[in-house]
Novice: 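Take a look at the following structure, please.
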Amino acid sequence: MLPEDPEDLDPGLAAERTRLAWARTAIAFAAVGVVMLRARPAAGAVVLAATPLIWALGGFVSRRIHPAARARRLLLVTVAVTAVAVLAAVAAVLAHGPDSLAQLRGITGGPGHR
Amino acid sequence: VSAPPPGPPPAGDPHTPGDGTEPDARFTLANERTFLAWNRTALALVVAGLGIVQLLPPFPGVPWGRHALGVPLILLGAAVSVTAYREWRRTQTALRRSEPVPQSVLPRILVATITGVAALSAVVLLVSAVR
């Protein structure tokens, strides 16, 4: 007879799902890097270089690590994603050359641009 | 990352999510997957913002249109990632203390973001059509 919760069959399934979630996160990270590569090759290269790090962090899923080490691992992901967002925001503001400052003045309702 | 022996964490460690005892590994893993899913959502917001600013052609008559849509999306991506970490900690603390898991504010942030971007898109398109 089967247990009510399928995970009682094999608790390793939860660890496997979590490893896959790490892999998807690393792939999403790489996708951002590829998009950045187009306009800001240096920034895109930095993001792509950080992708294997996220992938590697997924390798600790099923190890017994200290709760503080687990928290630090996730903090690293948040720091990486936030850094990418800041890079992307800078790239977006600087996009379209010298014209972009005039565009920003347009956003803030400043003078001199329709 | 070193793997010290499991047990009560040393007091005063700023990275230890609360007191109590280590919960069932499956709860910890589910909490971790939720955190990762929100970070992928954050990355999707960033890539959407980048795509709008860098890949779309400009809106006729609305030179600020792409920046007005893209830059807030990117900044909200950063906010979602930071909030996801804070909520992961809160949830992990609740699990360690066998307390109810606190409600997440992230769905509300996401709804507000999507609604705001949709409304702003409509405004940009309308202004572009009028000019």
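We name chains A, B, ... by the order of the sequence lines, and we start the count at 1 in each one.
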Novice: For A/Val46, which fellow cluster members are found when Ile, Leu, Val, Met, Phe, Trp and Tyr are connected by side-chain heavy-atom distances below 4.5 angstrom, either directly or through intermediates?
Specialist: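 Other cluster members: none.
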
Novice: Determine whether A/Arg73 and B/Glu32 make a side-chain contact, defined as any pair of heavy atoms from C-beta on separated by less than 4.5 Å.
Specialist: yes

Novice: Any link between B/Leu110 and B/Val105 through a network of hydrophobic side chains (Ile, Leu, Val, Met, Phe, Trp, Tyr) touching at under 4.5 Å?
Specialist: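 Yes.
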
Novice: Check the hydrophobic clustering (I, L, V, M, F, W, Y; side-chain heavy atoms under 4.5 Å; chains of links allowed) and say if A/Phe60 and A/Trp55 are grouped together.
Specialist: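 No, it is not one cluster - the side chains of A/Phe60 and A/Trp55 are not joined through contacts under 4.5 Å.
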
Novice: Is it the side chain or the backbone of B/Leu75 that comes within 4.5 Å of chain A heavy atoms, both, or neither?
Specialist: side chain

Novice: In Å and rounded to the nearest 0.5 Å, what is the CH2 to OG1 distance from B/Trp38 to A/Thr78?
Specialist: 13.5 Å

Novice: Nearest 0.5 angstrom please: A/Arg70 CZ to B/Trp88 CH2, how far?
Specialist: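 Between atom CZ of A/Arg70 and atom CH2 of B/Trp88 there are 7.5 Å.
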
Novice: In terms of heavy-atom proximity below 4.5 Å to chain B, should A/Val61 be classed as side chain, backbone, both, or neither?
Specialist: both

Novice: Do B/Leu120 and B/Leu125 share a hydrophobic cluster, counting only Ile, Leu, Val, Met, Phe, Trp and Tyr and linking them when any side-chain heavy atoms are less than 4.5 Å apart?
Specialist: yes

Novice: For the CG atom of B/Leu50 and the CZ atom of A/Arg38, what is their distance to the nearest 0.5 Å?
Specialist: 11.5 Å

Novice: When rounded to the nearest 0.5 angstrom, what distance separates OG1 in A/Thr82 from CG in B/Asn39?
Specialist: 7.5 Å

Novice: With clusters defined by side-chain heavy atoms of hydrophobic residues (ILVMFWY) lying less than 4.5 Å apart, directly or transitively, does A/Val90 cluster with A/Leu37?
Specialist: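 In one cluster with A/Leu37: A/Val90, no.
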
Novice: Quick check for you: to the nearest 0.5 Å, what is the distance between A/Thr18 atom OG1 and B/Leu29 atom CG?
Specialist: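 Here the rounded value is 4.0 Å.
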
Novice: Would the distance check show the side chain of B/Arg89 and the main-chain N or O of A/Ala71 forming a donor-acceptor pair, the cut-off being under 3.5 Å?
Specialist: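 A pair under 3.5 Å: no.
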
Novice: So do the side chains of A/Ile27 and B/Arg40 get within less than 4.5 Å of each other, counting heavy atoms only?
Specialist: no

Novice: Which region of A/Arg24, side chain (C-beta onward) or backbone (N, CA, C, O), has a non-hydrogen atom less than 4.5 Å from a non-hydrogen atom of chain B, or is it both or neither?
Specialist: both

Novice: Taking the side chain as every heavy atom from C-beta outward, state whether A/Val77 and B/Phe35 have any pair of such atoms under 4.5 Å apart.
Specialist: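 The answer is yes; the side chains approach within 4.5 Å.
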
Novice: State, with a plain yes or no, whether a side-chain heavy atom of A/Pro67 is found less than 4.5 Å away from one of B/Gln92.
Specialist: no

Novice: Please give me the minimum heavy-atom distance between A/Ala89 and B/Ile74, naming the atom from each residue.
Specialist: N-CG2, 3.6 Å

Novice: Taking B/Leu45, B/Val47, B/Leu76, B/Leu73 one by one, which has the highest count of heavy-atom pairs under 4.5 Å against chain A?
Specialist: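 Looking at each of B/Leu45, B/Val47, B/Leu76, B/Leu73 in turn, B/Val47 comes out on top.
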
Novice: Considering non-hydrogen atoms only, spot the tightest contact between B/Arg33 and A/Ala21 and give its length.
Specialist: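 Closest approach of B/Arg33 to A/Ala21: CG-CB, 4.1 Å.
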
Novice: Do the side chains of A/Leu57 and A/Val84 join up, straight or via other hydrophobic residues, at under 4.5 Å, putting them in one cluster?
Specialist: yes

Novice: Going from CG on A/Leu75 to CZ on B/Arg86, what distance comes out if it is rounded to the nearest 0.5 angstrom?
Specialist: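 Atom-to-atom, A/Leu75:CG and B/Arg86:CZ are 12.5 Å apart.
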
Novice: Between A/Val86, A/Val32, A/Leu74, who has the most heavy-atom pairs with chain B when the cutoff is under 4.5 Å?
Specialist: A/Leu74

Novice: Do you know the tightest heavy-atom contact between B/Val53 and A/Ala92?
Specialist: CG1-O, 3.5 Å

